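Some notes on the structure that comes next.
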Amino acid sequence: MDQQCTTLSSFIIEENRRLGDKATGEFTGLLNDISIACKGIAALVNKGALAGVLGVAGSENAMGDAQKKMDLIANDLFIDALQNNGHCAGMASEELDEILTLPEGKIRGSYLVTFDPLDGSSNMDVNIDVGAIFSILKAPADKKDPTAADFARPGTEQIAAGYCLYGPSSMFVLTTGNGVNGFTLDTSIGEFILTHPDMLIPETTSEFAINASNQRHWEPAVQQYFADCLAGEDGPLGKDYNMRWVAAMVGEIHRILCRGGVFLYPIDARNREAGGKLRLLYEGNPMAMIVEQAGGVASTGYKSIMDVVPNGDPHQRVAVIMGSKQEVEIILSYH
Ligand code: F6P
């Protein structure tokens with residue numbers, strides 16, 4: 001092992017020290033809990049069919065999505081990691097109908113965590129990227145069990161956010177509001193190692209990601225931007241575009257952090273009432289914080305995602321347009 005390497009744990013401790021935090025170690029402990037859940041998930045995702053984790057579970061989540069076996073296993077790994085060490089006071093997950101408070105006898109910590117334990121899980125059975133997304137909020141100071149209202153806070157109040165991408169290698173990407181850093185899992189020692197310090201999204205791009213099969217349902221602004229992208233250098237945008245669609249937001253955002261691009265899951269006629277398709281508390285907000293901390297822009301098309309006022313539903317939906325600053329600004333000018 002390289003003597004200079006920085007592990008995720010040592011990075012977090014150092015960062016707390018640099019920020020002058022007279023830390024109790026609770027926040028460091030919380031991030032450690034999350035990273036342990038992610039390592040457990042990575043090990044199973046990596047074994048795939050050998051671990052018997054492919055296929056459907058035969059149940060549905062609160063939004064009516066068919067749950068995969070691995071959705072439920074990943075959810076349990078997050079809950080186990082978060083409820084036992086006294087760092088977390090409650091959680092909200094894509095896979096839980098309601099928010100989860102801790103069982104009797106467990107210490108209520110100072111933080112709330114929202115998470116999508118296996119983003120893009122339909123990719124699981126076809127051995128393509130999946131991931132986990134999380135967001136951390138401060139818990140109410142009274143140490144009582146949190147309610148759904150305690151989670152209903154705008155993205156601007158997030159203390160930290162991150163994701164773990166389970167791809168060719170597993171990567172933990174984290175922001176605590178002081179830039180974005182990426183850590184690659186060294187499976188031989190079981191540690192996330194800092195490999196991508198200070199990740200910055202290039203301001204310009206000619207790569208977009210959108211599920212074009214929804215085209216006829218989009219609003220006119222997105223229809224027009226898309227048409228202009230397809231027109232390439234002969235159209236008003238004056239350049240040829242490339243398109244990608246991983247069908248896992250974690251994969252799209254990671255690509256954008258590495259080489260730029262824009263990711264859109266805009267309002268369409270079928271989800272207008274709900275506000276979009278993706279979930280605000282455990283998809284939109286954490287990814288918006290990461291993208292903005294890396295110099296990008298994250299919008300609904302009409303306002304900053306992190307300014308959306310939550311309505312109290314832990315599964316509230318939101319429209320998402322995020323990525324390279326200048327390209328997102330071009331898209332916003334169509335709205
Ligand atoms: O949970 C949402 C999600 O899986 C995202 O990660 C991904 O970007 C999107 O849904 C894929 O949607 P579609 O089914 O339209 O390809």
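Numbering of ligands and ligand atoms starts at 1, following listing order. The first residue of the sequence shown is numbered 1, and numbering continues consecutively from there. Nothing here was measured: the structure is a model prediction, and the numbers come from that model. Keep in mind that the numbers below use all heavy atoms, side chains included, and drop hydrogens, waters and symmetry copies.
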[X]: numbered ligand 1 atoms lying under 4.0 Å from its heavy atoms:
X	answer
M249	5 (C), 6 (O), 7 (C), 8 (O)
F263	8 (O)
E283	1 (O), 2 (C)
A247	4 (O), 7 (C), 11 (C), 16 (O)

| message | How far is atom 15 (O) of ligand 1 from the closest protein heavy atom, and which atom is that? | response | Y265 OH, 2.5 Å
| Among protein heavy atoms, which lies nearest atom 14 (O) of ligand 1, and at what distance? | K277 NZ, 3.7 Å
Please report the interatomic distance [atom1]([X]) to [atom2]([Y]), rounded to the nearest 0.5 Å.
X	Y	atom1	atom2	result
E157	L112	CD	CG	11.0 Å
L281	H315	CG	NE2	9.0 Å
W218	N211	CH2	CG	7.5 Å

| field | Basic-acidic side-chain contact under 4.0 Å: R279, E94 | value | yes
| task | Would you mind checking if E207 and R255 are paired as a salt bridge, meaning a charged N to carboxylate O distance below 4.0 Å? | result | yes
Nitrogen or oxygen of [X] less than 3.5 angstrom from that of ligand 1:
X	answer
W245	yes
L278	no
N211	yes
D119	yes

| Is R279 in contact with ligand 1, taking contact as a heavy-atom separation below 4.0 Å? | yes
| Going by distance alone, is a donor N or O of one side chain under 3.5 Å from an acceptor N or O of the other, for S324 and E203? | no
| said: Could you tell me if Y225 and E327 have a donor-acceptor pair between their side chains, going purely by distance under 3.5 Å? | reply: yes
| said: Please verify the inter-ring angle class for F78 with F115; under 30° counts as parallel, over 60° as perpendicular, anything in between as tilted. | reply: parallel
